[in-house]
Amino acid sequence: MDIKTKIDFLIERVQKQNPTADVEKIRAAYECANAAHEGQKRKNGDPYIIHPVSVAEIIVEMGLDTDSICAGLLHDCMEDTDFQYAQIEEKFGTSVAELVDGVTRLGRLHYSKEQEQMEDLRKMLIAMAKDIRVILIKLADRLHNMRTIQFMTEEKQRSKALETMEIYAPIAHRLGMQRVKWELEDLSLQRLDPVGYQEIVDGLERQRPEHEEMLERIKKTVGKKLNDSGIKNSISGRVKHIYSIYRKMYAQNKSVDEIYDICAVRVIVESVADCYNVLGYVHDLYKPIPGRFKDYISTPKPNGYRSLHTTVIGRSGVPFEVQIRTKEMHEMAEYGVAAHWKYKQGVEKSDNEETYAWIRQLLESQQDTEAEDFIKAIKVDLFSDEVFVFTPKGDVVNLPAGSTPIDFAYGIHSAVGNRMVGCKINGRIQPIDSVLQNGDIVEVLTSKETHGPKRDWLNIIKSSEARNKIKQWFKRECREENIEQGREDLNRELRSNLLYSHFMESPEIQENVLKKFGYPSLEELYAAIGYHGVTVTKVINKVKDEVIRARKRENVRQPLTERVKHTHSESGVIVEDIGGNCKVKFARCCTPVPGDDIVGYITRGYGISVHRKDCVNVKNSNPDDRDRWVKVSWDENHIEVKGRFSTALQITTNDRMGVMNDVLQTLANNHINIRDFNGKTLSEGYGIINIVIDVTGLAQLDALTKRLRSLRGVVNVVRQTA
C-alpha cells in the first residue's frame, strides 16, 4: 500500500470511529510531517514518513482523540527536522505542540547507568502525570519501532529489546494496555532469546490443529448453553501469547510440549449480571480448578482492569482459562487508559486526577531517594504484581505482591504505621511480618501513644511508600540515636576493610566523600547512615575510590624507589601491606575467579591462600587467627596474563536421558576447557554432575551458569564450596 492510500485509509477509519473528528486537521498534520521529513529514509530504505503514519494508525486503533493522532504524525518533527515548537503551536494549537514536545523529551531518554536511568524515569512519570497521552503516543512509537527492529544492528536490537522489556512493556501493563504489552513482550523476547522464542513458535505450530479443534469445541458447547439460556454473547478463543508461555516454561522447567494451560476462551456479554450467570454455566459444563478463580469485577486492578477469570478442566482433561466480561470491560482490558477516548473524547480533569493519582504519589514518595533505591522502588511500585486486601470496613487496598501488614498500615496513613503494635488477619492475631494474600481482611492494632517503627521493619516491608515513611520518621524523631548508630556502623566497616585510618586521618578524603553524598558534616553522614538514608556499603565504596586516588597521587609525587610496593604474583592477585615477595595460591574449597570478593590467609607452609569472602572456611575461621587474614585484590594486568582460572560447579538435574550430553555440548559451544567431569544418579530421580572448568572470570562464569540452568532437565547450578 502506497503512502497516499495509507493516509486515506487512516482518515476513513477515524471518520467511522468518531464522526466528529477533525479530519482536515489530521490531513494537514500529515502534509506538514511529509514535507518536514522529505528526503529522509528509514534503515530499510522506506521514506521516513511511513513511520509517523504507522504510529498514527496505532493511535487510531487505541481510539485516541484528534490531537493525539496529529501529535503521532508530527512526533519526530522537532527532533529530526528543523520544525520548532512555535511552528507546531501556530499551525495545530498548544495541545498538539505540548504532546509533540513531551514525546520528543521522552525520545531523548537513555537506558543507562542508575543515576541517569533514575532521572529518565522521573521525567517519564512527570510527563505521564501532566498528560497521559504523551506516554500513549510514545508506546505507539515504540511498538512500531519494535515491529521494524530487524533493520537495526544486532547489538542495537538487543539493547532496544531489553529497554522495551524492562521499561515500556511494564508501563503498558500498569496502564492496563494488555494488547500493547503482549506484543511488546513477544517482540522483545524474539530478540533477547531467539532460540527460545522459535522453540515455542514451532511447538505451537505443531499443536495448532489440536488447539483449534479444542477451542472450536469449547466455543460451540458454551455458545449453545448461553444461547439456550437467552444470554447474548460473543465468544472467541486464543492461544496465550508467546512470552507468557516462555515464563511458564522457565518457572516450571518444562518444554512447550509439557505446558498444557495455554488456551483461553473469552466470553463477552451485555451486563455485569450476565457475567456472573455465565460463570455459573461454565462451572456447570466443566470442572473448575480450586484456587484459580479471580473476580476482578468486584475488585478491579489498579489499572482499571475488570473481568472474571476461571480455569477449568476440559472434556479431554486439558485445563483452559475462561475470561468473562462486558464489551466496555473488554475495551478497557485491551487498551487500558486509552479506552476512555472510546466513549468520550478526552477525560475530564477530575477523572484524570483520580485515575492517575498513583503517578503523583509515586513521584512524591521518591523525592529524596538515591538512584539505586529509586530504580528498585519503581520496579516494585510500578512494574510488580499486586495483592488486594481489605480493611475491616470493606475498602480495598492494593499493595505490591509480598507485602506485610506493616505495608498495609503505612498504606492507610503514616500515623497508623507509626502507632502499630500488632495486626489481625481475617479476624486472627498474626505476626506483623506475615505475607498478605489476595482477599485478606487486615486490621491494624495501634496504641494511643506513638512509639514509632522498629529499625528491622525496613528488612521486612515491600512497598517503597512504607520504606520512605519509616525513614522519614527516623530522620525526624531519632537524630541522636541515628548519629550514634551511623557512627558505629561506619567505623565497624571501615575497620573491617582496613580503611579506618585512611578516612579518619585524611581531611581531603573525608571532604570528597561528604561532597559525593551531599552532607555538610561527618555528623550528618552518620545520621543518614543511621536512618538508612544512605547505605554504609556505598560510603565504604566511595572511601575505597578516594583512597585509591590518593595513593595514585602520592605515587606520582614520590620517586620510584620510594613508592609503596604491593606484592604481585603471576596468579593475578595483589597482596596489600606485605613487603617482599611471597607465593600466592587459590583455595580449593571455594575456587575464586576474577570478579569474586576475595581475602587472603597467611599459611604456615605456602605463602598466601586466596579465598572467596563468602567461603565457609572464612566464615568459620578461628578468631585467634584474625591477624593472619590480609587484604588482597585482583591485579587486572596480571589477570590478562594468567588468562584462565579453575573453578568447580555442581549441576543438579532430572534423571533424563541425554542431559549430560547437553551439558557437555553447552560447555563445548562456549569454548570452556574441562579439567574434571563426573556424574551420578540419585535414588530420588535426580542426578548430580560435578565439573571443574577454566573461565576468564565471574562474568563468563555467570553467563555460562545461566545457559546451563536454561537446559531442559537442569534443576540448579551452584558453585561448589567446602
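Computed from heavy atoms alone, side chains included, the values below leave out hydrogens, waters and symmetry copies. Owing to the predicted nature of the structure, the values given are computational and were not obtained by experimental measurement.
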Basic-acidic side-chain contact under 4.0 Å: E154, R191: no

Under 3.5 Å donor-acceptor, N277 side chain and C275 backbone: no

Chi angles and distances behind the side-chain hydrogen bond (donor to acceptor under 3.5 Å, both in side chains) call for S298, D295: CA-CA 6 Å; S298 63; D295 186 349; 3.1 Å; yes

Short side-chain to backbone donor-acceptor contact, S244 and K240, under 3.5 Å: no

I69 CD1 to I59 CD1 distance, which is reported to the nearest 0.5 Å: 7.5 Å

Contact check, side chains of Y296 and L308, non-hydrogen atoms, under 4.5 Å: no

Side-chain heavy-atom pair R217, K219 within 4.5 angstrom cut-off: no

Note: R179-E61 ion pair, threshold 4.0 Å (strictly below): yes

D202-Q198 side chain donor-acceptor pair, cut-off 3.5 Å: yes

Aromatic ring proximity Y197/Y243, centre distance under 6.0 Å: no

Spacing of L399 atom CG and I461 atom CD1 [to the nearest 0.5 Å]: 11.5 Å

Closest heavy-atom pair and its distance - A264, L215: O-CD2, 3.8 Å

P319 versus I313, closest heavy-atom pair with distance: CB-CD1, 4.0 Å

Under 3.5 Å donor-acceptor, K469 side chain and Y410 backbone: yes

Heavy-atom donor-acceptor pair, T326 side chain to V272 backbone, under 3.5 Å: no

Over 12 non-hydrogen atoms of neighbours within 6.0 angstrom of CD in E213: no

Expected output: side-chain Q323 to main-chain I268 donor-acceptor under 3.5 Å: no

Sidechain N-carboxylate O distance under 4.0 Å for E185, K181: yes

Sub-6.0 Å ring centroid separation between F293 and H309: no

Residues E163, R142: salt bridge by 4.0 Å N-O rule: yes

Charged N-O contact under 4.0 Å between D67 and K25: yes

Under 3.5 Å donor-acceptor, H75 side chain and G72 backbone: yes

